[in-house]
Each structure stands twice: as structure tokens, then as C-alpha cells.
**Student:** 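This is the structure I have questions about; it appears just below.
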Amino acid sequence: MFKKLMIIALCALVLIIAGSGLWVWQGMQTLDRPITLEEPLLFDVPSGSAFSQIARKLESEGLVADSLWLRLYGRLYPEQARIKAGEYEFSDGMTPKAMVEAMVAGDTKHWSIQFIEGWTFREMRAALAQSPRLSQETADWTDEEIMKSLGAEGEHPEGRFFPDTYLFVSSETDLDLIRRAYQKMSDVLAEEWAGREEGLPYDTPYEALIMASIVERETGAPHEREQVAGVFVRRLEKGMRLQTDPTVIYGMGDKYKGRIGSRDLRTYTPYNTYRINGLPPTPIALPGREAIHAALNPDDGEALYFVARGDGTHKFSRTLREHQKAVREFQLNRRDDYRSSPSSKEQADGGS
């Protein structure tokens with residue numbers, strides 16, 4: 001009798017173990033089942049969160065059916081449960097295991113912001129302030145306070161930041177991006193300065209940066225950058241004034257309402273290159289790498305003048321007489337379709 005009871009008990013134990021094993025196996029299989037989401041979901045992992053806490057949070061947000069199996073998975077495979085803090089994006093079709101793998105890898109959601117070539121520092125700051133995903137640290141700071149935080153106390157901010165598309169995560173602030181753009185401009189300028197053409201009329205990389213900002217603002221067609229830079233470099237070398245409208249506009253500040261007149265050209269500001277000799281005191285915009293390269297590797301032609309044709313390109317002239325003729329042709333008798341910048345198609349094709 002006892003022997004029979006032992007056999008029954010043993011069989012029951014085997015069934016219990018087998019049943020439990022099947023139950024656990026089926027539960028663990030749920031971690032490989034894709035989830036259904038109508039749209040991507042952002043999931044935040046606070047700093048210092050334990051794996052079990054995140055497993056329960058995934059359950060509460062409907063991303064796993066039962067956090068028990070995820071917690072068990074973390075116990076069985078602790079090296080695959082070392083999640084990193086941050087904001088993650090989960091999409092339709094992902095499995096719970098894939099979510100965990102993303103969190104272990106630190107594959108956080110990245111947002112982007114773009115600083116455009118030719119923008120002023122004011123426009124760059126406005127773009128930062130309008131970015132809803134970016135923590136605002138410098139909103140109430142002056143430009144001077146920003147430069148001081150960068151270790152550049154006393155430097156003018158204009159032109160010091162590289163225009164580019166920057167990716168950031170939710171834990172970063174506007175100051176982090178400002179710092180990255182400042183460092184990138186320093187790096188790019190140093191690289192381009194090292195490869196500059198011999199005999200240029202710049203004593204420092206900063207002077208080249210000033211010229212690059214003017215080239216950036218004057219050039220609508222990318223293929224003309226070196227030609228525009230060449231004109232300005234030759235004018236500097238000959239002691240001629242640059243006489244470029246974008247510097248006048250920058251010097252006018254808020255007084256500029258879309259047009260400049262003869263009175264504006266006569267009014268003195270430190271940036272009015274119709275009134276001052278040489279370069280203005282600071283850059284007037286954020287120049288891109290191409291404009292910096294052009295300023296340091298200008299075209300070696302003979303043109304000293306240029307005027308907008310009205311299709312986004314310029315007519316370059318060697319003499320004042322040729323220039324005056326071009327002005328009469330392209331400026332005094334403007335076509336109805338006149339424009340100072342290339343069309344989007346022409347920009348994609350590299351100008352025309």
C-alpha cells in the first residue's frame with residue numbers, strides 16, 4: 001500500500017513539475033509576442049530605476065500582459081536586464097524582449113533641431129526656445145552669460161556656432177546644444193584654416209570667419225561661393241571697401257524692414273561696409289563649412305564687382321564700367337520673376 005502511495009505521489013509530483021514547467025514556458029513565450037500599437041509610444045525610464053519597477057510600469061502601460069514573466073526573465077538573465085535611463089520609443093510589432101534589448105543598449109529616442117546657414121545667433125536662440133522637447137536652461141540668459149558659460153567671456157556670439165542638424169535626447173538642455181555647436185564651429189574653422197590658401201589678407205581665423213559669414217549671406221547659388229569670396233578678397237587686397245548690403249542690414253538691426261535705401265548706405269554703423277574700410281568687427285551670420293572653405297580658398301579670377309541677375313546667380317565684372325552696365329541690365333530693368341535666391345529646383349541642381 002505504501003509503495004503504491006509513493007508511486008502515486010511521485011506521479012503527481014512529476015505532473016506538477018511538468019505542468020509548472022509548461023506554465024512557465026508558456027509565460028516566457030509571451031515575451032516574444034509582438035505588441036499592437038496604433039502609433040509609436042514614448043516610454044520613460046527614470047534614472048536609478050530597478051528592472052522590476054520598469055517591468056511593472058510596462059505592464060501598467062499595457063506593453064506586457066503580465067510583468068511576472070519579465071521579472072523572471074530579469075532573474076534568469078541578469079546581464080540582459082541592465083537597463084539604462086532615458087526616453088525610448090516603442091512601435092507596433094515590437095516584442096517585450098526587443099523593448100528590454102533597446103533599454104539595455106541605451107537606444108534612447110533622439111530628437112533633432114536644425115540651425116540654418118545664414119541665420120543670426122538671435123534666430124538660433126529662437127529655434128532653441130521653440131523646441132518643445134528641449135529643456136530650457138538659457139531662456140532668461142543674456143548672450144554675454146551664454147558666452148561666459150562656454151569659457152568665452154567677452155567674445156561676441158555671432159558666427160561662433162556651426163549651422164547643422166543636431167540630435168539630442170530628452171535629458172539634454174539647450175545649453176548642451178549651444179556648447180556642441182560652439183565646439184563644432186571651433187573644430188571646423190581650425191580644420192579649414194589649416195588648409196587655407198597662401199597669402200590671404202587675414203591675420204587670424206576669426207577674420208576668415210567674418211568673411212565667411214559675408215560670403216554665406218551674399219551667395220544664393222552654392223557654386224558661386226568661391227567667386228564671391230574672390231571678389232571680396234581682391235577688394236581687401238586693393239584697399240577697396242567691400243560695399244556689401246548684408247553687412248548694412250546687420251548693422252541696421254531692428255530698423256531693417258525689408259528694404260535698404262540710399263540713406264541707409266550713407267548712415268554710419270560699424271557694419272556698414274560702404275562707410276568702413278576692411279571687414280566689419282564681427283561675423284554677421286552663421287556660416288557653413290562651404291562658406292568657410294570659400295573664404296579660405298577663394299577663386300583666383302580678376303572680378304572686383306558682382307550684381308544679382310535675378311535668378312539667384314550673379315554677374316561678375318572686372319571693371320567698374322562692366323559692372324555699371326550689368327547693374328543697368330539686371331537691377332534697373334528687373335523682370336517680373338526677379339528673385340535674389342535660386343529656386344528650390346536650382347538649389348538642388350547646384351544653381352544655374
Side-chain angles (χ1 to χ4, degrees), residues 39-49 53-54 57 60-61 83-91 99 102-103 105-189 206 209 212-213 216-217 249-257 271 281-289 291-292:
E39 58 184 25
L41 177 77
L42 291 176
F43 184 83
D44 183 56
V45 177
S47 180
S49 298
Q53 292 176 303
I54 298 305
K57 185 177 180 182
S60 68
E61 296 194 18
I83 58 176
K84 298 178 177 64
E87 192 174 35
Y88 297 86
E89 184 177 72
F90 300 145
S91 56
M99 297 177 202
M103 292 184 284
D107 187 15
T108 54
K109 170 67 176 177
H110 283 73
W111 309 95
S112 67
I113 188 169
Q114 187 175 25
F115 304 146
I116 306 297
E117 292 91 343
W119 271 7
T120 61
F121 184 57
R122 178 189 292 187
E123 290 172 313
M124 175 182 153
R125 290 197 66 179
L128 288 165
Q130 292 164 12
S131 181
R133 291 288 178 178
L134 192 60
S135 300
Q136 301 296 321
E137 186 173 351
T138 70
D140 298 325
W141 292 16
T142 65
D143 290 354
E144 291 75 17
E145 288 173 325
I146 289 176
M147 297 307 291
K148 183 177 180 179
S149 73
L150 299 174
E153 186 173 6
E155 291 184 9
H156 196 284
E158 200 65 81
R160 294 283 191 173
F161 303 88
F162 192 75
D164 202 354
T165 298
Y166 292 88
L167 300 179
F168 63 91
V169 296
S170 58
S171 60
E172 291 185 281
T173 70
D174 58 345
L175 182 58
D176 292 322
L177 292 184
I178 289 172
R179 186 175 289 112
R180 284 162 57 189
Y182 179 80
Q183 185 59 54
K184 186 165 185 179
M185 178 58 85
S186 298
D187 294 342
V188 169
L189 183 59
Y206 188 63
L209 187 66
S213 73
E216 188 69 74
R217 293 291 295 149
I249 292 169
Y250 187 84
M252 292 172 66
D254 293 335
K255 294 179 181 178
Y256 177 67
K257 304 302 180 183
Y271 292 89
T282 74
I284 60 171
L286 310 180
R289 181 185 283 272
I292 297 172

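What you see is a predicted model; the values in this text were computed from it and never measured.
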**Student:** Side-chain contact test, heavy atoms from C-beta onward, threshold under 4.5 Å: evaluate it for Tyr250 versus Glu158 and give yes or no.
**Tutor:**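 Contact flag for Tyr250/Glu158 side chains = yes.
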**Student:** Check whether Gln183 reaches the backbone of Arg180 with its side chain - one donor and one acceptor, N or O, closer than 3.5 Å.
**Tutor:**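 Here the side-chain-to-backbone pair does not exist.
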**Student:** So do Tyr206 and Pro283 actually touch side chain to side chain, heavy atoms under 4.5 Å?
**Tutor:**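 Yes, side chains in contact.
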**Student:** To the nearest 0.5 Å, what is the distance between CD on Glu172 and OG1 on Thr108?
**Tutor:**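 Answer for the CD-OG1 pair, Glu172 versus Thr108, is 9.0 Å.
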**Student:** Using a 4.5 Å cut-off on heavy atoms from C-beta on, say whether the side chain of Trp111 contacts that of Leu134.
**Tutor:**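 Result no, sub-4.5 Å side-chain heavy-atom pair not found.
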**Student:** Is the shortest heavy-atom distance from the side chain of Thr138 to the side chain of Arg125 under 4.5 Å?
**Tutor:**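 Contact flag for Thr138/Arg125 side chains = yes.
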**Student:** Is it the case that over 12 heavy atoms from other parts of the model lie below 6.0 angstrom from the CD atom of Glu153?
**Tutor:**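 No, the 6.0 Å shell around CD holds no more than 12 heavy atoms from other groups.
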**Student:** Do Ser131 and Phe168 come within less than 4.5 Å of each other through their side chains, counting heavy atoms only?
**Tutor:**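 Yes, their side chains come closer than 4.5 Å.
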**Student:** Measuring only between side-chain heavy atoms, which start at C-beta, is Ser149 closer than 4.5 Å to Trp141?
**Tutor:**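 Yes - at least one pair of side-chain heavy atoms lies under 4.5 Å apart.
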**Student:** Could you give the distance from CD1 (Ile54) to CE (Met99), rounded to the nearest 0.5 Å?
**Tutor:**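 Here the rounded value is 13.0 Å.
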**Student:** Would you give the length of the straight line joining atom OH of Tyr271 to atom CE of Met252, rounded to the nearest 0.5 angstrom?
**Tutor:**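 Interatomic distance, Tyr271 OH to Met252 CE, rounded to 0.5 Å: 15.0 Å.
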**Student:** CD1/Ile249 to NZ/Lys255 distance, rounded to the nearest 0.5 angstrom?
**Tutor:**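 Rounded to the nearest 0.5 Å, the CD1-NZ separation comes out at 15.0 Å.
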**Student:** Would you name the heavy atoms of Glu216 and Leu286 that are closest together and state the gap between them?
**Tutor:**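 Looks like CG-O, 3.9 Å.
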**Student:** What closest approach, in Å, do Asp164 and Tyr166 show between heavy atoms, and which atom pair accounts for it?
**Tutor:**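 Heavy atoms only, the tightest pair is O-CD1, 3.4 Å.
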**Student:** Donor-acceptor pair, distance only, cut-off 3.5 Å: does the side chain of Thr173 make one with the backbone of Ser135?
**Tutor:**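 Checking the backbone N and O of Ser135 against the side chain of Thr173, no donor-acceptor pair under 3.5 Å is found.
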**Student:** Atom CZ of Arg179 and atom CZ of Phe161: how far apart are they, to the nearest 0.5 Å?
**Tutor:**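 Rounded to the nearest 0.5 Å, the CZ-CZ separation comes to 10.5 Å.
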**Student:** Less than 4.5 Å apart, side chain to side chain, heavy atoms only: is that true for Glu61 and Phe90?
**Tutor:**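 With C-beta onward as the side chain, the pair stays apart.
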**Student:** Counting only heavy atoms not in Arg160, do more than 12 sit closer than 6.0 Å to its CZ atom?
**Tutor:**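 Buried by this count: over 12 neighbours within 6.0 Å.
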**Student:** Nearest 0.5 Å, please: how far is CD in Glu145 from CG in Leu175?
**Tutor:**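 Here the rounded value is 11.5 Å.
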**Student:** So, for Ser47 and Ala85, which heavy atoms are closest and what is the spacing to 0.1 Å?
**Tutor:**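 Reported closest heavy-atom pair: CA-CB, 3.6 Å.
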**Student:** Nearest heavy-atom pair of Gln136 and Ala129: which atoms, and what distance?
**Tutor:**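 It is OE1-CA, 3.6 Å.
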**Student:** Can a salt bridge be assigned to the pair Lys184 and Asp187 using a cut-off of 4.0 Å between side-chain N and carboxylate O?
**Tutor:**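 Result for this pair is no, no salt bridge flagged.
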**Student:** Could you check whether any side-chain heavy atom of Lys109 comes within less than 4.5 Å of a side-chain heavy atom of Phe43, counting everything from C-beta outward?
**Tutor:**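 A side-chain contact under 4.5 Å is absent here.
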**Student:** Looking only at heavy atoms, what is the nearest atom pair of Glu87 and Leu42, with distance?
**Tutor:**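 That would be OE2-CD1, 3.7 Å.
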**Student:** Of all the heavy-atom pairs spanning Phe115 and Ala181, show the shortest one and how long it is.
**Tutor:**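 In this case the closest contact between Phe115 and Ala181 is CE1-CB, 4.2 Å.
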